[in-house]
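A quick write-up on the structure given underneath.
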There are 2 protein chains.
Amino acid sequence: MHGDLVSIDYEGKTPLWRQLADILRAQIESGELPPGRRMPSETTLVQTYQVARGTAAKALDALEREGLVERVQGRGTFVTE
Amino acid sequence: MHGDLVSIDYEGKTPLWRQLADILRAQIESGELPPGRRMPSETTLVQTYQVARGTAAKALDALEREGLVERVQGRGTFVTE
DNA sequence: AAATATTTGTACGTATGTATG
DNA sequence: GCATACATACGTACAAATATT
């Protein structure tokens with residue numbers, strides 16, 4: 001599928017940043033976001049998932065610590081090759 | 001020495017959270033903060049070093065990722081045994 | 001070359017929730 | 001119940017690095 005939007009549960013106990021990280025991780029592992037591809041920008045994630053920028057950044061930071069993406073100031077966040 | 005306060009350079013290029021992490025790391029490695037000891041709370045760090053709480057938290061998070069401390073909600077941040 | 005736009009990085013403040021003492 | 005301490009989440013502003021026009 002394309003553009004399918006797994007939505008976020010703003011009430012549930014799972015932190016928003018973790019839910020978002022889970023969604024993005026799934027997109028990477030499914031190949032929807034292939035190696036080398038630039039991830040949606042923080043601003044885009046804010047608009048798409050209705051979270052604060054800090055929350056989006058925290059999700060991406062988590063993925064970076066997992067080695068799934070690389071963040072580069074001024075360029076973006078890229079799926080690890 | 002005791003209670004010596006290495007101060008922070010608010011102008012310099014090094015991020016405040018990193019400067020603070022460096023200061024605390026030095027205190028751990030010098031034995032001033034021995035294994036098992038509770039670190040100063042975020043609130044204390046805010047008052048001592050004149051930074052925002054988020055900045056103090058970021059410094060402690062960095063030390064946790066380095067394995068130097070362990071953070072426990074409701075209890076505090078402890079030097080790793 | 002220069003100005004503008006985009007994107008991540010840092011830092012602040014505030015509020016509320018969760019866990020522990 | 002109350003106080004303390006970390007966790008999450010919001011919003012705002014500006015800086016730094018890169019890309020585009």
Side-chain angles (χ1 to χ4, degrees), chain A residues 6-25 27-28 33 35-81, chain B residues 6-25 27-28 33 35-81:
Chain A
V6 179
S7 82
I8 286 190
D9 174 13
Y10 300 95
E11 315 298 329
K13 51 180 167 49
T14 306
L16 302 185
W17 66 265
R18 182 179 298 282
Q19 292 185 53
L20 180 51
D22 290 345
I23 290 169
L24 297 173
R25 189 185 310 103
Q27 292 176 357
I28 291 171
L33 292 172
R37 171 71 108 315
R38 212 195 70 188
M39 303 282 294
S41 71
E42 294 176 358
T43 300
T44 299
L45 292 174
V46 164
Q47 295 164 347
T48 303
Y49 295 96
Q50 309 277 284
V51 295
R53 196 194 141 199
T55 302
K58 195 162 181 176
L60 292 171
D61 286 342
L63 295 178
E64 182 172 50
R65 287 194 296 272
E66 294 174 17
L68 284 176
V69 305
E70 295 170 7
R71 314 197 67 200
V72 185
Q73 186 174 359
R75 299 222 297 137
T77 300
F78 300 85
V79 180
T80 302
E81 299 278 5
Chain B
V6 179
S7 82
I8 286 190
D9 175 13
Y10 301 94
E11 314 297 329
K13 50 180 169 50
T14 306
L16 302 185
W17 68 265
R18 182 178 297 282
Q19 292 184 54
L20 180 51
D22 290 344
I23 290 169
L24 297 173
R25 190 185 309 103
Q27 292 177 357
I28 292 171
L33 291 171
R37 170 76 109 288
R38 211 195 72 188
M39 303 283 296
S41 71
E42 294 176 358
T43 300
T44 299
L45 293 174
V46 164
Q47 294 164 347
T48 303
Y49 296 96
Q50 309 278 285
V51 296
R53 198 190 140 200
T55 302
K58 196 163 181 176
L60 292 171
D61 286 342
L63 295 179
E64 182 172 49
R65 286 194 298 273
E66 295 174 15
L68 284 176
V69 305
E70 295 170 8
R71 312 196 68 199
V72 185
Q73 186 174 0
R75 298 222 295 138
T77 300
F78 301 85
V79 180
T80 302
E81 298 279 5

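Scope of the values below: all heavy atoms of this structure, side chains included, with no hydrogens, waters or symmetry mates. Chain naming here is simple, since letters A, B, ... match the order of the sequence lines and numbering starts at 1 in each.
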Residues from residues 62-81 of chain A sitting under 4.0 Å of DNA chain C, heavy atoms only? A/R71, A/V72, A/Q73, A/G74, A/R75, A/G76, A/T77
Without decimals, in angstroms, what is the distance between A/Y10 OH and D/dT8 P? 17 Å
Take A/V51 and B/L60, find for each the nucleotide of DNA chain D with the closest heavy atom, and name the residue whose nucleotide sits nearer the 5' end. B/L60
In whole angstroms, how far is the C1' atom of D/dA15 from the CD atom of B/E11? 13 Å
What is the distance from atom CG of B/L45 to atom CG of B/L60, rounded to the nearest 0.5 Å? 5.5 Å
Output the single nucleotide from C/dA11, D/dA7, C/dG9 whose closest atom is nearest the side chain of A/D61. C/dG9
Taking Watson-Crick (N1-N3 plus N6-O4 or O6-N4) and G-U wobble (N1-O2, O6-N3), each under 3.5 Å, can you produce the dot-bracket string of DNA chain C? Use [ ] for crossing pairs and | for inter-strand ones. .||||||||||||||||||||
Side-chain N or O of B/R53 closer than 4.0 Å to phosphate OP1/OP2 of C/dT14: no
Counting only heavy atoms not in B/R18, do more than 12 sit closer than 6.0 Å to its CZ atom? no
B/L16 CG to D/dA15 P, straight-line distance once rounded to whole Å: 14 Å
Grab the NZ-P distance between A/K13 and D/dA9 for me, whole Å please. 13 Å
Rounded to whole Å, how long is the line connecting atom CG of B/D9 with atom P of C/dA11? 11 Å
Candidates D/dA5, C/dA11, C/dT8 - which lies nearest the side chain of A/E42: C/dT8
OP1 or OP2 of C/dT10 versus the side-chain N and O atoms of B/K58: is any pair under 4.0 Å? yes
How would you label the contact of A/R38 with the nucleic acid (heavy atoms, under 4.0 Å): base, sugar-phosphate, or nothing? sugar-phosphate
Separation of C/dT6 atom P from A/Q47 atom CD, nearest Å, is 11 Å
Is any side-chain nitrogen or oxygen of A/T55 closer than 4.0 Å to OP1 or OP2 of D/dC10? yes
NZ/NE/NH1/NH2 to OD/OE distance under 4.0 Å, B/E42 and B/R71: yes
Interatomic distance where CE belongs to B/M39 and C1' belongs to D/dT4 [whole Å]: 17 Å
Shortest non-hydrogen pair, A/I23 vs A/Y49, comes out as CG2-OH, 3.6 Å
